[in-house]
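First the structure, in the form of structure tokens, and then the observations on it.
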Amino acid sequence: MSELTLESVTKQFRGVEVLSDIRMDVKDGEFICLLGPSGSGKSTILRIVGGFEHADSGSVRLDGQDIQELPPNKRNFGFVFQDYALFPHMTVEGNIAFGLKTRKLPSDVVKDRIASALKLVGLTGLEKRYPAQLSGGQRQRVAIARVVALQPSLLLFDEPLSNLDAKLRRQIRIEMKTLQQELGITTIMVTHDQEEAVTLGDRIAVLQNGVIQQYGAPMELYNAPANAFVAGFLGDPPINFLNASVVMEDGRPGMRLGEEFRRLTSEGLPTSTLPKEAVVGIRPEDIRLSDTEGVPGVVKIVERLGAYVLTYVAVAFSETPLCCLAPNEVAPQAGQRVRLRFDPDKTLVFDARTTKLLPGVRLEAPTPIHS
Ligand SMILES: Nc1ncnc2c1ncn2[C@@H]1O[C@H](COP(=O)(O)OP(=O)(O)OP(=O)(O)O)[C@@H](O)[C@H]1O
């Protein structure tokens, strides 16, 4: 069992608050990703969990026990950093054995642990190689094997893949997920790469300025982001944002998007509580290109990505062209006039002032268009 709970954790550096009121629970066997831009406090949380920093207030509990006074070497946690620093003068075997020997384990146990760790990361047969004789991906696998061999109760990864090229990142990412599922070790990983977080994390904590903006399953965050920041951080290509004013027409709320007027449905939210200014979020895959129906626009740029095509369409109510993602066979030309249809169930509406999601508020279907 390895369940971790962070409660009301705060941290300041030189009088500047870098973590405020961090609350997180990590269940046994879960893979948690801490996602956020540079400086948002991800590594500081990991370092507090690892025991390399002390929280100013709040508690960090493992299986109910407060561990804050335990030094890092008494926590039995495995740490893999971005700069995984293998010992260059030691073989693969020697690198993995090092930590095991400091724990004074019998030599047959050390041998077994090395063999099974190397098997897990697919490096059996490379025991006698030196780090310089390995590829970047192999070195990272040794770094993971070295930590896994210690049989830690918690795995802590700080941007472990960021030194690798895109293809290798993807490959090792799949290996890490498989390995973590096989071993069932509770894992926390820091990343600023949303794709990595979405593919690896059972749950993701999105951080901004030391505050957890939302903590939940990847698709929960994607489909129902708590605020515009989370909506913008998850998804590639990113969500389109449009500024809009909320207005009443015939006693019913609607929105002005430049010259366009759209009715609003506001399930569960009284019309009187709707903000005056809103931000509408529409994901590229929720916009359909049409010849006949919807908002008129002009294609500016077409980017072919192989399986998909991204079309950037200039419309009257947005300063920046809207990005639409469509299957490859739907490929308009730059300069072409098109119409755009939004999936009304998928539009997200945020309060422009607080940036919070207005749950249940949707733009209605594009037809009929009022002017
Ligand atoms: N030891 C320290 N002394 C002073 N300030 C620090 C220290 N460690 C971190 N900080 C500051 O705390 C804030 C959060 O840093 P942290 O490293 O946790 O962010 P991060 O989200 O992991 O960023 P990155 O992705 O760049 O590593 C930053 O503003 C950073 O400059």
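When a ligand or atom number is given, it counts from 1 through the structure's own listing order.
For atom 1 (N) of ligand 1, a protein non-hydrogen atom is found at a distance below 4.0 Å. The nearest protein heavy atom to atom 30 (C) of ligand 1 is not closer than 4.0 Å.
Of the protein's non-hydrogen atoms, G39 N, 2.8 Å is the one closest to atom 23 (O) of ligand 1. At the shortest separation from atom 16 (P) of ligand 1 among protein heavy atoms lies T44 OG1, 3.6 Å. For atom 27 (O) of ligand 1, the nearest protein heavy atom (residue, atom name, distance) is S43 OG, 3.6 Å. Looking from atom 25 (O) of ligand 1 to the surrounding protein, the closest heavy atom is K42 NZ, 2.9 Å.
For ligand 1, the atoms sitting less than 4.0 Å from at least one non-hydrogen atom of S40 are 19 (O), 20 (P), 21 (O), numbered in the order shown with element in parentheses. Residue contact check: P37 has heavy atoms under 4.0 Å from atoms 21 (O) of ligand 1.
Under 4.0 Å from ligand 1, the heavy atoms of R14 that appear belong solely to its side chain. Contacts between V18 and ligand 1, counted as non-hydrogen atom pairs separated by less than 4.0 Å, involve the side chain only.
With G41, G36, S38 as candidates, the residue nearest to atom 24 (P) of ligand 1 on a non-hydrogen basis is S38.
Classification of R61 and E7 as a salt-bridged pair holds, one side-chain N sitting under 4.0 Å from a carboxylate O. For the pair D158 and R47, the salt-bridge criterion is not met [side-chain N within less than 4.0 Å of a carboxylate O]. With respect to the salt-bridge test (charged N to carboxylate O, under 4.0 angstrom), the residues E175 and R170 do not qualify.
Formation of a donor-acceptor pair under 3.5 Å by the K42 side chain with backbone atoms of L207 is not found in this model. Remark: side-chain polar atoms of D56 are paired, donor with acceptor, to backbone N or O of Q12 under 3.5 angstrom.
Checked against a 3.5 angstrom limit, the closest N/O atoms of F13 and ligand 1 fall outside it.
Under 3.5 Å, the side chains of T10 and S20 contain no donor-acceptor pair of N or O atoms.
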T191 vs E196, side-chain hydrogen bond (donor to acceptor under 3.5 Å, both in side chains): CA-CA, chis, key distance, verdict: CA-CA 7 Å; T191 180; E196 215 162 88; 3.1 Å; yes

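Checked against ring-ring contact (aromatic ring centres under 6.0 Å, His included), Y130 has no partners two or more places apart in sequence or in another chain.
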